[in-house]
Peer 1: 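Quick one: the structure is below, questions incoming.
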Amino acid sequence: MAHFTDQVLDVVRKIPRGKTMSYTQVARLAGNAKASRKVGEIMSKNTDRSMPCHRVIYSNGRVGEYNRLQGEKADLLRREGVIIQNNHIIT
DNA sequence: CGTATGACGTGCA
DNA sequence: GTGCACGCCATAC
């Protein structure tokens with residue numbers, strides 16, 4: 001497995017419940033701050049349930065996309081204690 | 001090795 | 001705040 005991809009998966013897996021990280025943050029911890037786009041692609045192809053990909057959001061505060069569960073993303077985050085309004089994270 | 005691609009990011013109108 | 005164009009980078013072919 002590619003080093004970068006492996007790192008990204010590992011980082012996302014470690015995101016604590018009730019917390020969120022931007023694609024950029026994840027990419028940076030994975031070793032490439034500019035590979036935010038790659039993070040998204042990896043998430044889209046990921047199918048692991050232990051992968052809280054719904055905790056990964058845009059750097060601008062928007063929740064972003066979520067193929068498998070679509071609108072569920074914001075709902076899941078809200079369930080974990082994250083305040084969301086109109087698809088927007090309130091920190 | 002060159003081209004195409006995508007759950008992003010930033011800048012500008 | 002919204003919409004559009006261009007840039008970035010690892011992967012797939």
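Note that the structure is a prediction, hence the values are computed from the model and not measured. Below, chain A is the first sequence line, B the second, and so on; all start at residue 1.
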Peer 1: Please list, chain by chain and in numerical order, all residues satisfying salt bridge (charged side-chain N to carboxylate O under 4.0 Å, His left out) with R28(A), sequence neighbours excluded.
Peer 2: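 For R28(A), no residue satisfies salt bridge (charged side-chain N to carboxylate O under 4.0 Å, His left out) once neighbours in sequence are set aside.
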Peer 1: What protein N or O atoms touch nucleotides 1-4 of chain C N or O atoms at under 3.5 angstrom, if any, and at what distances?
Peer 2:
residue : atom : partner : partner atom : Å
dT2(C)  : OP2  : R62(A)  : NH2          : 3.3

Peer 1: Atom CD1 of residue position I83(A) - does it have more than 12 heavy atoms of other residues, nucleotides or ligands inside 6.0 Å?
Peer 2: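 It does not: I83(A) CD1 has 12 such atoms or fewer within range.
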Peer 1: Okay, side chain of N86(A), backbone of H88(A): is any donor-acceptor separation there less than 3.5 Å?
Peer 2: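 Flag not set: sc N86(A) to bb H88(A) has no pair under 3.5 Å.
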Peer 1: Would you say S59(A) reaches dG9(B)'s phosphate, i.e. side-chain N/O to OP1/OP2 under 4.0 Å?
Peer 2: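 Yes, within the criterion.
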Peer 1: Side-chain contact test, heavy atoms from C-beta onward, threshold under 4.5 Å: evaluate it for V8(A) versus K38(A) and give yes or no.
Peer 2: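 Answer no - side chains too far apart.
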Peer 1: CD1 of I89(A) versus P of dC8(B): gap in Å, rounded?
Peer 2: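 Value for this atom pair: 15 Å.
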Peer 1: Rounded to whole Å, how long is the line connecting atom CZ of F4(A) with atom C1' of dC9(C)?
Peer 2: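 It is 8 Å, rounded to the nearest whole Å.
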Peer 1: Please tell me which of the listed nucleotides, dC9(C), dA7(B), dT11(C), lies nearest to the side chain of Y66(A)?
Peer 2: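 Selected nucleotide: dA7(B).
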Peer 1: Can you list every salt bridge (charged side-chain N to carboxylate O under 4.0 Å, His left out) pair that touches residues 51-60 of chain A, not counting sequence neighbours?
Peer 2: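 The answer is R55(A)-E80(A).
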Peer 1: Without decimals, in angstroms, what is the distance between E65(A) CD and dC8(B) C1'?
Peer 2: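 E65(A) atom CD is separated from dC8(B) atom C1' by 11 Å.
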Peer 1: Starting at CG of D6(A) and ending at P of dT11(C), how long is that distance when rounded to a whole Å?
Peer 2: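 After rounding, the gap between these two atoms is 10 Å.
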Peer 1: Distance check: side-chain N/O of N60(A) vs OP1/OP2 of dT10(B), anything under 4.0 Å?
Peer 2: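 Checking N60(A) against dT10(B): no side-chain N or O falls below 4.0 Å of OP1 or OP2.
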Peer 1: Could you pull out all residues at least two apart from R13(A) that satisfy salt bridge (charged side-chain N to carboxylate O under 4.0 Å, His left out)?
Peer 2: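 Applying salt bridge (charged side-chain N to carboxylate O under 4.0 Å, His left out) to R13(A) gives D10(A).
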Peer 1: Listing time: all N or O pairs from protein to nucleotides 3-6 of chain B that are below 3.5 Å?
Peer 2:
residue : atom : partner : partner atom : Å
dG6(B)  : O4'  : E41(A)  : OE1          : 3.4
dG6(B)  : N7   : R37(A)  : NH2          : 3.4
dG6(B)  : N2   : K38(A)  : NZ           : 2.9
dG6(B)  : N3   : E41(A)  : OE1          : 3.3

Peer 1: In whole angstroms, how far is the C1' atom of dT11(C) from the CG atom of N32(A)?
Peer 2: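 Taking CG of N32(A) and C1' of dT11(C), I get 13 Å after rounding.
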Peer 1: Which residues, if any, of residues 22-30 of chain A bring a heavy atom under 4.0 Å of DNA chain B?
Peer 2: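 By residue number: Y23(A), T24(A).
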